[in-house]
Number of protein chains: 2
Amino acid sequence: MTAEVKAVTTPASPPLTERQEARRRRILHASAQLASRGGFDAVQMREVAEAAGVALGTLYRYFPSKVHLLVATMQDQLQHMHTTLRKRPPAGDEPAARVAETLMRAFRALQREPQLADAMVRALTFADRSVSPEVDTVSRLTTAIILDAMGLEHPPTAEQLSAVRVIEHTWHSALITWLSGRASIAQVKIDIEMVCRLIDLTSPGKSPEKS
Amino acid sequence: MTAEVKAVTTPASPPLTERQEARRRRILHASAQLASRGGFDAVQMREVAEAAGVALGTLYRYFPSKVHLLVATMQDQLQHMHTTLRKRPPAGDEPAARVAETLMRAFRALQREPQLADAMVRALTFADRSVSPEVDTVSRLTTAIILDAMGLEHPPTAEQLSAVRVIEHTWHSALITWLSGRASIAQVKIDIEMVCRLIDLTSPGKSPEKS
DNA sequence: ATCAAGTCTGAAACTTGTTCTACATTATCC
DNA sequence: GGATAATGTAGAACAAGTTTCAGACTTGAT
């Protein structure tokens with residue numbers, strides 16, 4: 001439990017009342033529910049509103065677009081996953097192995113709800129500038145998960161952060177190719193393990209070579 | 001010019017007549033034109049049809065959805081880029097350096113038409129299963145470009161292909177983060193260079209270490 | 001030249017994300 | 001408790017992707 005992670009939760013601009021918090025929660029739940037059924041397309045704003053017992057206008061007040069909604073849903077799910085993963089840290093000896101294990105574990109979790117994963121990931125990559133802050137939060141959460149898995153003793157170097165970003169890139173993109181049926185899970189595993197080698201490459205005082 | 005690349009062009013199911021080929025071309029041109037202006041949102045099917053001098057129904061016969069259209073547009077642009085890049089191969093000594101240089105060159109080309117890039121990349125990552133074949137073609141084209149840049153003397157090993165896939169993942173995902181304003185070009189450069197190290201790592205008879 | 005099959009056109013219809021409006025409910029402040 | 005501003009509701013309206021259809025035009029074979 002080294003390298004403390006500073007609260008990656010939402011910035012929480014205006015404090016919400018209890019009823020509002022409950023509405024928000026109902027909406028996110030409805031969103032995840034519908035997404036689990038039929039993926040991105042099945043999350044229809046009117047249906048979400050109805051399932052959450054909320055007027056369409058209200059839904060849009062809470063989440064200004066479908067993409068915002070789904071990205072928030074992803075935040076939510078990632079939050080869960082992060083706490084779950086923390087309970088059982090990966091077992092590998094090397095940081096690279098631990099990260100690969102963690103990611104594959106996350107991957108298998110997503111596999112259990114492929115439609116939900118589809119909806120969230122599609123929203124994430126489809127998001128335009130207006131969703132940047134939210135997407136950024138997701139990105140920070142992912143980074144936190146990976147750094148956690150690395151179990152560093154010191155704060156990460158700039159190089160290591162770059163490696164983590166590359167791992168994230170690979171993770172997202174591999175997820176997409178899997179979701180759209182263009183890559184098998186075995187393939188994803190290979191690629192994840194491949195990219196995790198960058199961790200060894202960037203851990204200080206390890207590689208004997210250097211230009 | 002080693003490691004011959006087998007024609008990555010379209011499979012061309014039914015041979016098109018001349019007028020049809022012309023229509024297809026007009027459509028793609030209109031699509032790119034509109035995309036250059038306002039990105040993904042500006043490519044409106046009715047407008048594309050009008051600009052191409054074609055009925056809406058015809059547009060849909062040629063490209064069954066907006067995403068199909070934009071992915072085809074990307075194929076087209078990549079085709080261009082590939083031939084352009086081949087004219088001036090990258091200059092670096094090491095394969096990794098050559099690949100990084102090539103990708104950054106491609107990156108700068110996209111920078112010149114950021115809106116077009118936005119439209120194409122968003123379509124690509126938003127594509128669902130129904131567009132898999134087309135997305136796959138784009139992927140093979142990208143792979144071809146990277147393998148070309150590596151300038152291998154032998155056919156690539158399985159490990160190298162995995163590294164190339166990871167590079168592609170990084171390339172796409174980095175592109176997205178840049179397009180949505182969440183990463184600077186400098187950052188993209190760093191990450192591309194980072195991931196290209198995997199090439200050294202996987203070139204046979206190079207790395208002195210091995211578990 | 002003619003017929004049949006396939007293709008293209010123009011226009012309307014349908015779907016779903018998003019916006020808007022008029023009114024009801026709730027929260028806050030005095 | 002009552003004024004008032006913010007929030008929520010119901011439902012219409014709008015925008016853009018997609019589908020549909022009747023009729024006109026091409027094409028290819030005979």
Side-chain angles (χ1 to χ4, degrees), chain A residues 12-28 30-31 34-35 37-73 119-120 122-124 126-131 134, chain B residues 13-28 30-31 34-35 37-73 118-120 122-124 126-131 134:
Chain A
S13 326
L16 297 182
T17 76
E18 206 159 321
R19 297 166 58 100
Q20 288 177 319
E21 192 54 52
R23 270 195 207 97
R24 199 186 130 86
R25 208 116 284 293
R26 282 204 311 275
I27 293 173
L28 285 176
S31 165
L34 287 170
R37 294 240 177 293
F40 189 89
D41 291 334
V43 180
Q44 301 193 358
M45 298 305 266
R46 288 174 237 262
E47 289 203 29
V48 173
E50 186 178 3
V54 123
L56 190 55
T58 306
L59 172 52
Y60 273 95
R61 178 189 290 273
Y62 281 73
F63 301 97
S65 80
K66 175 168 172 171
V67 169
H68 280 86
L69 171 58
L70 283 171
V71 170
T73 305
M120 296 190 305
R122 295 261 290 289
L124 198 68
F126 190 61
D128 67 354
R129 298 181 113 83
S130 73
V131 203
E134 288 80 0
Chain B
S13 326
L16 298 182
T17 78
E18 205 158 323
R19 298 166 54 102
Q20 287 177 320
E21 191 55 51
R23 270 196 207 96
R24 198 186 130 86
R25 208 115 287 295
R26 282 205 311 275
I27 292 173
L28 285 176
S31 165
L34 287 170
R37 294 240 179 293
F40 189 88
D41 293 333
V43 180
Q44 302 193 356
M45 300 304 267
R46 288 174 236 262
E47 288 202 31
V48 172
E50 186 178 4
V54 123
L56 191 54
T58 307
L59 172 51
Y60 273 95
R61 178 188 290 273
Y62 281 73
F63 302 96
S65 80
K66 175 168 172 172
V67 168
H68 281 87
L69 171 58
L70 283 171
V71 171
T73 306
D118 170 80
M120 297 188 307
R122 295 262 291 288
L124 197 68
F126 191 60
D128 67 354
R129 296 181 113 84
S130 73
V131 204
E134 289 80 359

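A quick note: this is a predicted structure, and the numbers were derived from the prediction, not measured. We name chains A, B, ... by the order of the sequence lines, and we start the count at 1 in each one. Quick note: numbers below take in every heavy atom, side chains included, and nothing from hydrogens, waters or symmetry partners.
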Would you mind telling me which of Val71(B), Leu70(B), Leu124(B) makes a side chain to side chain contact (heavy atoms under 4.5 Å, CB included) with Val131(B)? Val71(B)

Partners passing side-chain contact (heavy atoms from CB on, under 4.5 Å) against Leu28(B) (at least two apart in sequence or in another chain): Arg24(B), Arg25(B), Phe63(B), Leu69(B), Ala72(B), Thr73(B), Asp76(B)

Specify the separation, in whole Å, of atom CZ of Arg122(A) and atom P of dG17(C). 13 Å

Measure CG/Asp41(B) against C1'/dG17(C) and give the value in whole Å, please. 12 Å

Would you grab the first and last nucleotide of DNA chain D (5' to 3') that comes under 4.0 Å of any non-hydrogen atom in chain B? dA16(D) to dT27(D)

Quick check: on DNA chain C, is the nucleotide nearest Ala55(B) upstream (toward 5') of the one nearest Lys66(A), or the reverse? Name the residue that is more 5'. Ala55(B)

Give the C-alpha distance, both sets of side-chain angles, the deciding distance and a yes or no for side chain to side chain contact (heavy atoms under 4.5 Å, CB included) between Gln20(B) and Arg23(B). CA-CA 5 Å; Gln20(B) 287 177 320; Arg23(B) 270 196 207 96; 3.9 Å; yes

Name the nucleic acid region contacted by Tyr62(B), choosing base, sugar-phosphate or nothing; use a 4.0 angstrom heavy-atom cut-off, strictly under. sugar-phosphate

Tell me whether the NZ or CZ atom of Lys66(A) lies within the 45° cone about the ring axis of Phe126(A) and under 6.0 Å from its centre. no

Contacts of Ser65(A) meeting side-chain contact (heavy atoms from CB on, under 4.5 Å) (sequence neighbours excluded), chain-then-number -> Val67(A), His68(A)

If every non-hydrogen atom of Ala119(B) is compared with every non-hydrogen atom of Gly39(B), which pair is closest and at what distance? CB-C, 3.8 Å

Taking every heavy atom of Ala30(B) against every heavy atom of Ala51(B), the minimum-distance pair comes out as CB-CB, 3.8 Å

Residues in side-chain contact (heavy atoms from CB on, under 4.5 Å) with Gln44(A), at least two apart? Glu47(A)

Please compare Val54(B) and Ser65(A) by the position of their nearest nucleotide in DNA chain C and report the one closer to 5'. Val54(B)

5' to 3', nucleotides 19-30 of chain C under a 4.0 Å protein heavy-atom cut-off (B base, S sugar-phosphate only, - none) gives B-------S---

Closest nucleotide of DNA chain D for Phe40(B) versus for Leu59(A): which of these residues is on the 5' side? Leu59(A)

Euclidean distance, atom CD of residue Glu21(B) to atom P of dT7(C) [Å, nearest integer]: 15 Å

Selection: residues 43-51 of chain B, any non-hydrogen atom under 4.0 Å of DNA chain D: Val43(B), Gln44(B), Met45(B), Arg46(B)

Considering all heavy atoms, the nearest Val54(B)-Leu59(B) contact: CG1-N, 3.8 Å

After noting the C-alpha distance and the side-chain angles of Arg46(B) and Glu50(B), does the key distance pass the side chain to side chain contact (heavy atoms under 4.5 Å, CB included) rule? CA-CA 6 Å; Arg46(B) 288 174 236 262; Glu50(B) 186 178 4; over 6 Å; no

